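All ligand and atom numbering here is 1-based and tracks the order in the structure. A quick note: this is a predicted structure, and the numbers were derived from the prediction, not measured.
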Amino acid sequence: MKPLVDIQNLSKHYRMGHGVVEALRNVSLKIYSGESVAMMGPSGSGKSTLMHLLGCLDKPTSGEYLLNGQNVASLSDAALAQLRASQIGFVFQSFNLIPQLDVYENVEVPFLYQNPCHPDYQTNILKSIDRVGLSHRLHHLPSELSGGEMQRVAIARALAINPLLVLADEPTGNLDSETGKQILGLFQELNEQGVTLLMVTHDPYVGEHCKRLVKMRDGHLVADLIQPKR
Ligand code: ADP
Ligand code: MG
């Protein structure tokens with residue numbers, strides 16, 4: 001089987017004043033469709049940098065990234081924007097909802113970047129809001145929701161496009177531990193339904209409950225473990 005994500009010797013250097021920060025150093029990783037992968041590592045070890053590269057939000061300094069067999073480096077900025085809008089779902093620690101938009105409208109946002117727009121997009125929006133259990137909150141604003149509900153909206157927004165891959169950067173980082181467990185449970189349920197997931201976490205509980213755990217340190221990928229089933 002062909003990997004969904006295939007990165008080889010990926011490096012990312014940031015210029016800082018007269019120096020250079022080596023945020024990623026020769027990272028290689030393959031992720032197959034249907035996997036759920038947790039990524040752990042100390043602050044500053046390069047996790048977010050790797051997520052940005054995988055999400056085509058930034059370009060590597062060197063190395064290769066094939067997404068679903070396609071070499072991302074060969075794409076124009078416009079093609080990359082299309083790829084992000086149609087194939088990658090993002091979930092962030094701080095939810096990143098638009099405060100003036102209600103639940104439905106927030107989930108609609110990725111479709112505004114798709115051209116042409118998915119023909120069934122309205123049905124997809126309603127379905128994915130239902131998948132995260134928020135059908136009764138369609139016309140509420142983010143300020144009227146709890147943290148856990150806001151993260152559910154962000155997950156619905158990520159899912160509505162039927163992405164190849166969902167990237168979540170510390171999705172439980174701003175939630176209390178009980179709510180965090182519920183969000184993790186939702187991710188596990190979605191993975192069982194076939195959603196491919198890569199999730200950065202500081203929470204060992206989350207790390208233990210993904211099928212696979214990769215660890216970063218100082219820009220290197222230092223461990224890649226298949227976990228016992230729980
Ligand atoms: P993590 O998500 O594991 O905490 P990051 O990927 O955010 O780590 O950061 C890795 C390293 O790269 C850190 O040393 C950080 O300071 C540096 N870094 C990240 N983004 C930038 C940037 N835009 N400009 C300069 N340095 C950066
Ligand atoms: Mg980070």
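Taking CG of Leu54 as the reference point, atom CG of Leu67 lies at 8.5 Å (rounded to 0.5 Å). Taken to the nearest 0.5 Å, the CD atom of Gln8 stands 11.5 Å off from the CG atom of Asn26.
The environment of Tyr14 atom OH is dense: over 12 non-hydrogen atoms of other residues, nucleotides or ligands sit within 6.0 angstrom. For Lys211, the NZ atom is densely surrounded, since the number of other residues' heavy atoms within 6.0 Å is greater than 12.
A salt bridge is defined here as a Lys NZ or Arg NE, NH1 or NH2 lying under 4.0 Å from an Asp or Glu carboxylate O, and Asp218 with Arg25 fails to meet this definition. Taking a cutoff of 4.0 Å between a charged side-chain nitrogen and a carboxylate oxygen, Asp77 and Lys59 qualify as a salt bridge.
The protein heavy-atom contact nearest to atom 6 (O) of ligand 1 is Thr49 OG1, 2.5 Å. The nearest heavy-atom contact from the protein to atom 27 (C) of ligand 1 is Tyr14 CD1, 3.2 Å. For atom 3 (O) of ligand 1, the closest non-hydrogen atom on the protein side is Lys47 NZ, 2.7 Å. Protein heavy atom at the shortest distance from atom 8 (O) of ligand 1 is Gly46 N, 3.2 Å. Ranking the protein heavy atoms by distance from atom 7 (O) of ligand 1 puts Ser48 CB, 3.7 Å first. The protein atom (non-hydrogen) at minimum distance from atom 13 (C) of ligand 1 is Gly44 O, 3.8 Å.
Distances from atom 16 (O) of ligand 1 to the protein include no heavy-atom value under 4.0 Å.
Looking only at distances, a side-chain donor or acceptor of Asn106 sits under 3.5 Å from a matching main-chain atom of Ile98.
Using a 4.0 Å cutoff on heavy atoms, Pro42 counts as a contact of ligand 1. Within the structure, the closest approach of Ser45 to ligand 1 falls below 4.0 Å when heavy atoms are considered.
With a 4.0 Å cut-off on non-hydrogen atoms, Met216 does not touch ligand 1 at all. The side chain of Val21, and not its backbone, has at least one atom closer than 4.0 Å to an atom of ligand 1 (non-hydrogen atoms only; side chain from C-beta on).
Listed by atom number, the atoms of ligand 1 under 4.0 Å from Ser43 heavy atoms are 4 (O).
Excluding waters, the set of protein N, O or S atoms lying under 2.8 Å from the Mg ion (ligand 2) comprises Ser48 OG.
Geometrically, ligand 1 and Ala23 share no nitrogen or oxygen pair separated by less than 3.5 Å.
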